[in-house]
Amino acid sequence: MPSASFSSSRSYVRRSRRKGGHRIPLPSRTQSSEPCESVPCPNNVTGSAMAATACAGPSGSGGGGSPPVPAAAPATTAGTCSLPARKRPRTSLSQGVDVCNVSQYLQYELPDEVLLCILSHLTERDLCRVAQVCKRFNTIANDTELWKSLYQSVFEYDTPLMHPAPCQFEFVAPDECEADNPWKESFRQLYYGIHVRPNYRPKKDSRIKHYNTIRAALEYVEERGGGSSTPATSASTGASSTITSTSTSSACSCGTSACSCRRASTSSTAPAPALVFVHAGLYQEECLAIDTDVQLIGCAPGNVAESVVLEREAESTLTFAEGANRAYAGHMTLKFSPDATSTMQHHKHYCLEVSDNCSPTVDHCIIRSASVVGAAVCVSGAGANPVIKHCDISDCENVGLYVTDYAQGAYQDNEISRNALAGIWVKNFANPIMRRNHIHHGRDVGIFTFENGLGYFEGNDIHNNRIAGFEVKAGANPTVVHCEIHHGQTGGIYVHESGLGQFIDNKIHSNNFAGVWITSNSNPTIRRNEIYNGHQGGVYIFGEGRGLIEHNNIYGNALAGIQIRTNSDPIVRHNKIHHGQHGGIYVHEKGQGLIEENEVYANTLAGVWITTGSTPVLRRNRIHSGKQVGVYFYDNGHGKLEDNDIFNHLYSGVQIRTGSNPVIRGNKIWGGQNGGVLVYNGGLGLLEQNEIFDNAMAGVWIKTDSNPTLKRNKIFDGRDGGICIFNGGKGVLEENDIFRNAQAGVLISTQSHPVLRRNRIFDGHAAGVEITNNATATLEHNQIFNNRFGGLCLASGVSPLVRGNKIFSNQDAVEKAVGGGQCLYKISSYTSFPMHDFYRCQTCNTTDRNAICVNCIKTCHSGHDVEFIRHDRFFCDCGAGTLSNQCQLQGEPTQDTDTLYDSAAPMESHTLMVN
């Protein structure tokens, strides 16, 4: 006898998927005028009495012919018509009609509601047979609510569970399902399973197997075929079509076209694994070790996983061993709750254990462990390659997920939270794939890879863990991409003790400590990450750490964007480091590193700090728009600054102080709102082949016992002087071009003594070289020409050593103004300071800060009590209108203040010395 078919496509009308559209409209009993055409039925059908009666022909054999069609009613007179076949007077069986009339009555006359009531008492096999009788029976027997009721009595699910392939199960809402009858289609796909349903009595004629324990069900599976269901060994031979449909897929259960679970495809002829439904209940006494292809799935209304609980107090709750290549466990709770009074060691006991050479799928499980040692889930050994997805591994008193000893596997869309130790451990060359997991609020680290652990971590959300979100240690080398690591109670990523790893395209933010820590000879790659809003720094490299830090966007951190210290030597390149609440890059305590082609801007303190014996190399960076200094060397900070573009800082572009001795070569230092380069408090350094221009104050300041060397620089277009040396400053200036500056090309003042050799000082808007205030200098073989106020201007009492200089073609505007009887303020205003004789007027009560030019003394202060002060640089206060008498040689007075004899002092950085 052919098996009854669960096919739902026969004689179906395609329906809309809109909600409520799955119940097939029943034929109208008032409109049809034709008898229902019967559908041939298989011979020797032995189903229910009703089905057998309905199929029976005149010989009672049910041979494939249609039941007799009643003769047409005789013609009637005008004004009358025959009733449709369904409206003819019902015939009672008590009238002695033959079997054909009984068949006709059942097929055409019995009300739909009565048929539905009768069919609701049938088993699934008999219901399929009834559907083969005729079109009307087929329509009614495929009623959606009828199958829903039957389905929920067997499987208990509130929503149809589709099983398109081995180890793949998915609840699909009825109005989203493509099948005409979702409940029947799910029944067809799940029919070959057997059930664990303690103390349940199935219908009398049901072929579905039921057992009281999981162990008994598994023993039945082993007896019937060792774990694989076939048409010959299934729980019901009527389910052969189901087995055929579910055995043609590969073992992969990723559910996507881009599979990444590393599973090899299986033959299309492989039989489907046995299917065991575990109904609601607490299963405590069963120790389950599975080494065959069997699928265990929870079965209950409501939240399935919460209703089906497997719990053990000793030994692992569920173990998959070698041979379980297409095994499955899903929609259940796995608990390991060891007896607190027991002396048994539980460090190798788990809720879920996956060992060598097996590849089960674990799906939608709740996993809880009360053991204070070990882990809730352990995957270990070569060939261990599970798929663990949509599971909740939380509130465990140990590690959540532990992958070790060359194990692999795919772990995706899991919730891993509030565990006492790490959410995930990866160790000893284990190489898992972990995607889209939510790992949070752990009482330890989020993910810990150590002792050569590997792994690919993509799209995970890791946050609010007590220690680092991701820790890498002892040769571990994970790949972490597109993850979000945030709000850690300490740091975001911690790489130490020779850890490696690639961290690419992640968002790392809002952690209490640094976003990334690298230390103790670790060498990770940090690439294209967003590292921002940290409560401390962005990237912190210390204790001989290394690493490649490139193409990251680092901003808004409370401390330095990148900090390098204690002999660490990373490569930092192509990053954007900006809008920090502190500095940009901080290198200290003998830090090193190659820092190149970064953009460092808009930080609150210095763009780059280099201090305490550090020697980094900075090349081709753009360092700009800072709220203090661009690059700040202090307390013996050294290193190289080459080919950088440093501009638009509130303080100097570069500051060098307190023993620092950097090499600054080939840079552009410009647009500063203060000076270009400031060397002070014993600073040193070699400044070579730089372009220093368009700064609001002097291009280079040298003061307070500093002694740098400046060679072959171009210092031009300054809005103040070119080079200002004062307060005991020294230095060697060789072969520089100094031109087009608003004040003196070189100003030497207050006991300073530099050496100037072979420089070209020209086209200045004031003097070429001015020496004043008891300073001196050595000037050898310089060319000083075409400067407005003269070539070399010496104040009273100044005697420099001058040898071999060429001073020519200077404009001498000061002497021309004096000779023409002009007030010197007319040629200087209050922005420059020509050098000439200046006086004070006792009659006008001038102070020590006032100066009056010789022509104003002769004209405006004629007959006053005046005194000669000295020959020095000044502007005329009489012409500026700051005295009581109005200048007779000048026009309208200006809003000026007292004369300043030197250029304004630069702003020194008061950057914090600690980070």
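The shown structure was predicted, so the numbers you read here are calculated from the model rather than taken from an experiment. For this chain, numbers begin at 1 and follow the sequence in order. Values reported hereafter were calculated over all heavy atoms of this structure, with side chains retained and with hydrogens, waters and symmetry mates removed.
Between D737 and R760, at least one side-chain N (NZ, or NE/NH1/NH2) sits under 4.0 Å from a carboxylate O, which counts as a salt bridge. A salt bridge is absent between E691 and K714; no separation between the charged side-chain nitrogens and carboxylate oxygens falls under 4.0 Å. In this structure, E735 does not pair ionically with K711, as no charged nitrogen and carboxylate oxygen lie closer than 4.0 Å. With respect to the salt-bridge test (charged N to carboxylate O, under 4.0 angstrom), the residues R573 and E597 do not qualify.
For the 3.5 Å distance criterion, the side chains of N786 and S809 fail to qualify, holding no donor opposite an acceptor. Side-chain contact of N773 with T750: a donor-acceptor pair under 3.5 Å is absent, judged by distance alone. Between the side chains of Y540 and R565, at least one donor-acceptor pair of N or O atoms lies under 3.5 Å. For the 3.5 Å distance criterion, the side chains of N681 and T704 qualify, holding a donor opposite an acceptor.
N782 places no side-chain N or O within donor-acceptor distance of the main-chain N or O of N805, the cut-off being under 3.5 Å. Distance alone, capped at 3.5 Å, is enough to place a donor-acceptor pair between the T604 side chain and the G580 backbone. The main-chain N or O of G718 is found under 3.5 Å from a side-chain atom of N741 such that the two form a donor-acceptor pair. Between the side chain of N661 and the backbone N or O of G685 there is at least one donor-acceptor pair closer than 3.5 Å. Side chain of S828 to main chain of L824: a donor-acceptor pair is present (N/O by atom type, distance under 3.5 Å, no hydrogens or angles). Side chain of N810 to main chain of I784: a donor-acceptor pair is present (N/O by atom type, distance under 3.5 Å, no hydrogens or angles). At least one donor-acceptor pair under 3.5 Å links the side chain of N644 to the backbone N or O of L618.
Between C823 and N855, the closest side-chain pair of non-hydrogen atoms is not below 4.5 Å. Residues L794 and H871 are not in side-chain contact: their nearest non-hydrogen atoms beyond the backbone lie 4.5 Å or more apart. For the pair N727 and Y680, the minimum side-chain heavy-atom distance is 4.5 Å or more. At a threshold of 4.5 Å between non-hydrogen side-chain atoms, the residues W609 and H582 count as touching. Side chains of I564 and I595 form a contact here, defined as non-hydrogen atoms less than 4.5 Å apart.
Atom CG of residue N575 and atom CG of residue N553 lie 9.0 Å apart, to the nearest 0.5 angstrom. In this structure, the separation between CG on N533 and CD on Q581 is 8.0 Å, given to the nearest 0.5 Å. Rounding to the nearest 0.5 Å gives a distance of 8.5 Å between CG of N667 and CG of L687. Between the NZ atom of K826 and the SG atom of C853 there is a distance of 12.0 Å, given to the nearest 0.5 Å. Between T611 atom OG1 and F633 atom CZ the span is 11.0 Å, to the nearest 0.5 Å. Between the CZ atom in R546 and the OG1 atom in T519 there is a gap of 11.5 Å [rounded to 0.5 Å].
Scanning all heavy atoms of the two residues, the minimum distance from L548 to R527 falls at CD2-NH2, 3.8 Å. Of all the heavy atoms in R620 and E596, the pair that sits closest is NH2-OE1, 3.1 Å. Taking every heavy atom of both residues into account, N603 and G583 meet most closely at OD1-O, 4.0 Å. Taking all atoms of both residues into account, the shortest heavy-atom contact from L889 to C860 is N-SG, 4.1 Å. Here the closest heavy-atom approach between residue I656 and residue L684 is recorded as CG2-O, 3.4 Å.
With sequence neighbours excluded, the residues forming a side chain to side chain contact (heavy atoms under 4.5 Å, CB included) with L883 are T846, N850, I852, H861, D877, C878, listed by chain and number.
Other residues, nucleotides and ligands contribute only 12 or fewer heavy atoms inside 6.0 Å of the CD atom of Q751. The number of heavy-atom neighbours closer than 6.0 Å to NZ of K730, taken from other residues, nucleotides and ligands shown, is above 12.
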Please step through side chain to side chain contact (heavy atoms under 4.5 Å, CB included) for the pair E530 and Y555, ending with a clear verdict.
CA-CA 8 Å; E530 296 270 335; Y555 60 94; 3.2 Å; yes
H836 vs F789, side chain to side chain contact (heavy atoms under 4.5 Å, CB included): CA-CA, chis, key distance, verdict:
CA-CA 10 Å; H836 204 268; F789 289 172; over 6 Å; no
Please report the C-alpha distance between Y839 and F868 in whole Å, then the side-chain angles of each, then the deciding distance to 0.1 Å, and finally whether the ring pair (Phe, Tyr, Trp, His ring centres under 6.0 Å) criterion is met.
CA-CA 4 Å; Y839 300 78; F868 172 76; 5.4 Å; yes
Working for side chain to side chain contact (heavy atoms under 4.5 Å, CB included), residues D720 and N695:
CA-CA 8 Å; D720 197 276; N695 295 285; over 6 Å; no
Test side chain to side chain contact (heavy atoms under 4.5 Å, CB included) applied to S796 and D872, step by step:
CA-CA 7 Å; S796 300; D872 212 330; over 6 Å; no
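A perpendicular orientation is assigned to the rings of W701 and F726, their planes being inclined by more than 60° (bins at 30° and 60°).
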